[in-house]
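Let me begin by presenting the structure, written as structure tokens, before commenting on it.
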Amino acid sequence: MTPAYELFNLGSNDELAGEISTILGVPLAPIDIKTFADNEIYERIENTVRGRNVYVIQGITAPVNDNFMKLMIFIDAARRASANSINVIIPYFGYARSDRKARSREPISARMIANMLESQGVKRVMTMDLHADQVQGFFDIPVDHLLAMPALGHYFYANDLLGDDLVVVAPDHSSVARARKFAKLLHADWALVDRRVDSVRPNTPYQITGNVSGKRAILIDDIIDTGTSMVLASEAATNAGAIEIYAVATHAVLSDNAVDHLEKAPIDHVVVTNTVEIAEHKKMSKLKVLSVAESFAEAIRRINVFESIEDVLKSPDNLDVML
Ligand code: R5P
């Protein structure tokens, strides 16, 4: 018999949570969430969860601290209500970029978040494309780390966009592993934006290592936040002769004036997933949002019946590539 479970949504991404619930055929369980006049958050789980496995969907997206606090308060309520297990699904793991001390007296906020979740009794975390894979190691509980690459890659397969003139470009050194994998998935070459400033010509675009001249370039990153990395990379690729540019990323954080910057940059298409809910006014015409609900739903289904999720991490378009 399938172990029963309850699925909750705390509201950081209603669209994604709704899609996951529809695919699973499991309704979102009712919860009363209020914000008091002084901004304190109140939550009450409306039906019993005693002895049940609880799955709660909440990304650490803007407003980042409120959304995280909502999650922590939910966990406290579920634990005190005698849930059998609390499994948190964090489609976008905010604070993951703070994963090391780069300078003296800095925090490692990603580690602190992991400690807080674990200390409150969370039994499992499911997320997608952490800024660095090693953040999984900040937890002593299972982390199911899903990948957006199957969905992102499928966009290029399904729209017949593969070809010898395709090159995948890493916008900086830290994105090289991702770019190489994506290039392999798409049978393309890869290149790298070298973000060292030329001391002789400091105002020229960054240089590209590899050949993008006369090619369609796919810039790939985990996050588009302010858009700066993508804009700089697109300028470098255009300067090096790229003829069409795709900016591809998992998490469309799109803070500040990111949309404005992306609109004005020499970028033809922005392809992202729906791990972060995108406000209507940010949906520019060159934006394509791909759903990753299927991956989350299938992973939840399998976890709940103790099946492997290995296949969820593969691209059906190219099973030979280890993503
Ligand atoms: C940084 O290490 C990340 O991988 C992204 O490159 C970065 O978060 C993108 O931020 P922005 O859009 O503000 O340049």
Side-chain angles (χ1 to χ4, degrees), residues 59-64 67 90-103 106-111 113 127-136 138 145-149 152 168-183 190-197 205-209 217-238 245-279 282-284 286-289 292 323:
I60 307 178
T61 56
V64 170
N67 278 336
I90 306 179
Y92 172 67
F93 198 106
Y95 283 111
R97 283 176 284 183
S98 174
D99 61 359
R100 68 194 196 290
K101 277 180 73 167
R103 300 178 61 201
E106 283 185 340
I108 302 181
S109 306
R111 171 67 203 229
I113 298 263
T127 187
M128 181 169 271
D129 285 353
L130 285 164
H131 176 58
D133 292 353
Q134 301 90 300
V135 171
Q136 293 169 60
F138 291 176
H145 187 217
L146 306 184
L147 306 172
M149 232 179 239
L152 295 171
V168 179
V169 181
D172 57 33
H173 287 85
S174 63
S175 311
V176 168
R178 181 176 294 109
R180 288 176 68 169
K181 272 187 200 163
F182 204 52
W190 68 277
L192 158 71
V193 178
D194 183 359
R195 287 179 65 166
R196 278 174 301 188
V197 176
Y206 295 125
Q207 300 301 299
I208 300 250
T209 305
I218 301 174
L219 315 173
I220 187 158
D221 212 339
D222 56 336
I223 303 168
I224 304 179
D225 186 354
T226 63
T228 306
S229 294
M230 285 296 196
V231 171
L232 292 173
S234 68
E235 286 166 355
T238 306
I245 296 184
Y246 294 85
V248 174
T250 307
H251 308 294
V253 173
L254 302 179
S255 309
D256 300 340
N257 297 322
V259 170
D260 195 34
H261 294 149
L262 294 166
E263 290 263 41
K264 290 181 181 142
I267 293 172
D268 301 285
H269 318 271
V270 179
V271 182
V272 296
T273 80
N274 60 349
T275 56
V276 177
E277 196 160 72
I278 303 173
K282 293 187 177 176
K283 290 186 179 160
M284 57 197 143
K286 56 179 152 181
L287 182 73
K288 177 75 191 168
V289 184
V292 287
L323 297 175

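Numbering starts at 1 and runs along the sequence shown. From a predicted model like this one, the values you see are computed outputs, not experimental measurements. Whatever order the structure lists ligands and atoms in, that order sets their numbers, starting from 1.
Looking at ligand 1, you won't find any N or O of Ser174 less than 3.5 Å from one of its N or O atoms. For ligand 1, the polar-atom distance check against Ile223 finds no nitrogen or oxygen pair separated by under 3.5 Å.
The distance from ligand 1 to the heavy atoms of Gly227 drops below 4.0 Å at these ligand atoms: 11 (P), 12 (O), 13 (O). Residue Ser229 has at least one heavy-atom neighbour below 4.0 Å for each of these atoms of ligand 1: 6 (O), 9 (C), 14 (O). Applying the 4.0 Å criterion to heavy atoms of Thr228 picks out, from ligand 1, the atoms 11 (P), 12 (O), 14 (O). Using a 4.0 Å cut-off to heavy atoms of Ile224, the atoms of ligand 1 that qualify are 12 (O).
The side chain to side chain contact (heavy atoms under 4.5 Å, CB included) with Asp225 is formed by just one residue from the set Asp222, Asp221, Ile223, Thr228; it is Ile223.
When only non-hydrogen protein atoms are considered, atom 8 (O) of ligand 1 lies nearest to Arg97 NH1, 2.8 Å. Looking at atom 4 (O) of ligand 1, its nearest protein heavy atom turns out to be Asp222 OD1, 2.6 Å. Atom 13 (O) of ligand 1 has its closest protein heavy atom at Thr226 OG1, 2.5 Å. Looking only at protein heavy atoms, the nearest one to atom 5 (C) of ligand 1 is Asp221 OD2, 3.4 Å. Counting protein heavy atoms only, atom 1 (C) of ligand 1 is closest to His131 CE1, 3.5 Å. Annotation: atom 10 (O) of ligand 1 to nearest protein heavy atom, Asp225 CB, 3.6 Å.
Counting heavy atoms from C-beta on, the side chains of Val292 and Asn274 come closer than 4.5 Å.
Between the side chain of Gln136 and the backbone N or O of Asp133, at least one donor-acceptor pair lies under 3.5 Å. Between the side chain of Thr127 and the backbone N or O of Ile90, at least one donor-acceptor pair lies under 3.5 Å. Formation of a donor-acceptor pair under 3.5 Å by the Asp172 side chain with backbone atoms of Ser175 is found in this model. A side-chain donor-acceptor contact under 3.5 Å links Lys286 to the backbone of Leu262. Looking only at distances, no side-chain donor or acceptor of His261 sits under 3.5 Å from a matching main-chain atom of Met230.
Tyr246 is linked by a ring-ring contact (aromatic ring centres under 6.0 Å, His included) to Phe156, His269, counting only residues two or more places apart in sequence or in another chain.
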